[in-house]
There are 2 protein chains.
Amino acid sequence: MEGREARAGSRPTIADVAAAAGVARSTVSRAMNREHTFYRSESAARIRAVAESLGYEPNPSAANLRRRQTNTIGVLVSRLTDTVMATLYEEIASACAARGYHALVATTYGDPGLERDNGHTMLASRVDGLILTTATTEGGLCTELLERGVPHVLALRAYGSSPSVTGDDALGGYLATRHLVDLGHREIGILTGPDEAPTALARREGYRRALAEAGIPEMPEFVYSSTFSMESGEAAAEAFLGAARRPTAVFAVNDNTAIGFTSMVQRAGLRIPTDLSVVGYNDIPLVGRLAVPLTSVRVPFREIAAAAVDSLLDQVAGRTGTGSGAARVVAPTLIPRASTARPPVREPAAVSEG
Amino acid sequence: MEGREARAGSRPTIADVAAAAGVARSTVSRAMNREHTFYRSESAARIRAVAESLGYEPNPSAANLRRRQTNTIGVLVSRLTDTVMATLYEEIASACAARGYHALVATTYGDPGLERDNGHTMLASRVDGLILTTATTEGGLCTELLERGVPHVLALRAYGSSPSVTGDDALGGYLATRHLVDLGHREIGILTGPDEAPTALARREGYRRALAEAGIPEMPEFVYSSTFSMESGEAAAEAFLGAARRPTAVFAVNDNTAIGFTSMVQRAGLRIPTDLSVVGYNDIPLVGRLAVPLTSVRVPFREIAAAAVDSLLDQVAGRTGTGSGAARVVAPTLIPRASTARPPVREPAAVSEG
DNA sequence: CTGTTAGCGCGTTCAA
DNA sequence: TTGAACGCGCTAACAG
């Protein structure tokens, strides 16, 4: 009850616990860490009880310093206000927690420079590894990580030989388009997404495959360029509305784009799905609750997050086990909703009547 | 070129820099930290150049251990997939970065138990302070923080004597309702939000004040209970649609609720704003881009975030300066859009015709 | 299984 | 202004 008693403001240290329990500090340390076999002993439990009664909590800075690792991983996302990124990060954080790790997040705002800077900042704070979700066709930070041998995984994106976990975007694009084909559509447009985004490219590839399979030629005039934003969806809608000829259905690479597009088209007086069917991608919670619930492609973010974390921790632990370092791809699912229906009956124009 | 040369895998330490620069380690330390006057000297710049050429980056674990602080604050939010929370956190993180601090985020999913646990986890990892956004009328974690003397700030919420930075919800509710009154509405409903949420309560108070000011009695049958979710907006819509008498306008405490409500009402065939005007709250980016852009109350999240961080860092630094420890309130702004218009002309029923 | 010893990398006295 | 010495709190190596 003296001497090693903790001073007023400061928290008890391992030495306080050792003194109170009448053992050496190293013994306390072993009693606190699952890694040691001693952890499971009865006296270890007693020591932990003492620790708890003192309100002792190990100082992670000290432990990290000594252990030479932080048990923390960094996650780079474009924006947290993007529901897709927020969802993915929540799942990553929870996967980390389940494995005794911490997650740290930083935003890149789609800027490769910021991606690099924030990646370096996280590395400077000694994260054990990085999950990147913002890689473009240019590679950016991940090339450097590869060279430096820093453990990292790409999620929702793939590039070069970096390990990655992605949704099967080509399949998703195929499912979306196939759904429209099955409904009887023959004139199917696409909002393409940005050219630098491999995901967008892959979804478009799936779109092409579904069209080809159905023997439908791809119509360049039904291709509307866009980025992933709602604004670009609106811009695409203007192109759509202003064109001489319109498709009866549209596949948007992304829910946001679909929302912007749909809203603008509706404002112009078209009815969804009566006049036009629309399919989105990602199935963010919102789209199921719009005035016209949106058919969308659901991506298993939880599974992707878990796989990415597993792969990363494998690298951190040095066991680049089965399939780590490789590219893992998980399949998406189509969720049909009210925004898609059979195509409108065309006015009985010059169809085999001439 | 020998001896202190960094081993292959490990990064250079302050000792490596000292050796390379031909000075003592303490000199390097002073050259790296702005706090020292020496930092601004010419030789300090030279030392930093050497450090950079070696790729030296201070080990934060070691520095934190020594300094007894982490330069990191923790932020507790309900969910990152909630755009409001994501926005606030982005702003907090950027305010922290501007002040040389780091931000850490954890989610509570609205569960007081999780709030407590995650708060403790962050404290265990030695964050210098906490920003809470999830306090309810029950207080929860913040009571404990107050007792333990842990620096903390509530953002978007207030409770007890904890310092807080909030939007002026009563004013927001007033502005929203006043806008409807000015358009000529006399029958104005409200989606209330959860009873335990002080923000919801305050917004409702503003609603009442605007009604009273216009000499409009509050109609209990125009009060639809809800939480903050889209689902609850849909539920409220069902109550609305099923009722014998309906208001001509509705103020929703929250954009999500407004979206759920509006969608459902539109699906039932009502037109916004022709048949019904709707106002939301928070002005998340989405609502300006819906098929019918939603009138909403914009909250200055950036300002709130900056003020919260400032207040917190004041506490951390021990300078509980002017107004810190107090409650700061910032004013919201009404953003009128297409979802609000003059009330429909009522069928010329039994009005002064009997 | 437990204690002793050493040191992780840094910032900060205290002298010079 | 600079350097020497110390210790932050912890874990790992090495006895015993």
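A, B, ... follow the sequence lines: proteins, then strands. Residue 1 opens every chain.
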Among dG9(C), dT11(D), dT12(C), the nucleotide that comes nearest once only the side chain of Asn33(A) is considered: dT11(D)

Separation of dC10(C) C1' from Met32(B) CE (nearest whole Å): 12 Å

Euclidean distance, atom CD of residue Glu57(A) to atom P of dC10(D) [Å, nearest integer]: 11 Å

Arg302(B)/Glu90(B) ion pair, N-O < 4.0 Å: no

Euclidean distance, atom CZ of residue Arg25(A) to atom P of dC8(D) [Å, nearest integer]: 9 Å

Those residues that, when tested against Arg99(B), pass salt bridge (charged side-chain N to carboxylate O under 4.0 Å, His left out) (two or more places apart): Asp310(B)

Donor-acceptor pair, side chain of Gln315(A) and main chain of His152(A), under 3.5 angstrom: yes

N or O in side chain of Thr27(A) less than 4.0 angstrom from dT2(C) OP1/OP2: no

OP1 or OP2 of dG9(C) under 4.0 Å from side-chain N/O of Arg126(A): no

Spacing between Ile14(A) atom CD1 and dG9(D) atom P, to the nearest angstrom: 11 Å

Interatomic distance, Arg68(B) CZ vs dG11(C) C1' [rounded to whole Å]: 12 Å

Any Asn59(A) side-chain N or O less than 4.0 Å from OP1/OP2 of dC8(D): no

Nucleotide nearest Thr13(A) when distance is taken to its side chain, options dC8(D), dC10(D), dC10(C): dC10(D)

Short side-chain to backbone donor-acceptor contact, Asn33(A) and Arg30(A), under 3.5 Å: no

Closest heavy-atom pair and its distance - Met122(A), Leu104(A): CE-O, 3.4 Å

Value in whole Å for how far the P atom of dC10(C) lies from CD of Glu35(B): 16 Å

Touch class at under 4.0 angstrom, heavy-atom based, for Asn64(A) against every strand present: nothing

Gap between atoms CZ and C1', on Arg11(B) and dC10(C) respectively (whole Å): 15 Å

Touch class at under 4.0 angstrom, heavy-atom based, for Pro58(B) against every strand present: sugar-phosphate

Nucleotide nearest Phe38(A) (side chain, heavy atoms from C-beta), chosen from dG11(C), dA6(C), dT2(C): dT2(C)

Which residue lies more 5' along DNA chain D, comparing His36(A) with Ser41(B) via nearest heavy atoms: Ser41(B)

Whichever of Leu65(A) and Thr37(B) has its nearest DNA chain D nucleotide further upstream toward 5': Thr37(B)

Value in whole Å for how far the P atom of dC1(C) lies from OH of Tyr39(A): 16 Å

Residue of the set Thr108(B), Thr134(B), Thr107(B) for which side-chain hydrogen bond (donor to acceptor under 3.5 Å, both in side chains) holds with Glu115(B): Thr134(B)

Side chain to side chain contact (heavy atoms under 4.5 Å, CB included) partner of Ile73(A), the single match among Val127(A), Leu130(A), Ile131(A), Val153(A): Ile131(A)

Which residues share a salt bridge (charged side-chain N to carboxylate O under 4.0 Å, His left out) with Arg48(B), sequence neighbours left out: none

Arg67(B) vs dG11(C): side-chain N/O to OP1/OP2 distance below 4.0 Å: yes

What are the atom names and distances for every N/O pair under 3.5 Å that joins the protein to nucleotides 13-16 of chain D?
| from | atom 1 | to | atom 2 | distance (Å) |
| --- | --- | --- | --- | --- |
| dA13(D) | N6 | Arg30(A) | NH1 | 3.4 |

From dT4(C), dG9(C), dC10(C), nucleotide with atom closest to Ala63(B) side chain: dC10(C)

Short side-chain N/O contact to dC10(C) OP1/OP2 from Tyr56(B), under 4.0 Å: yes

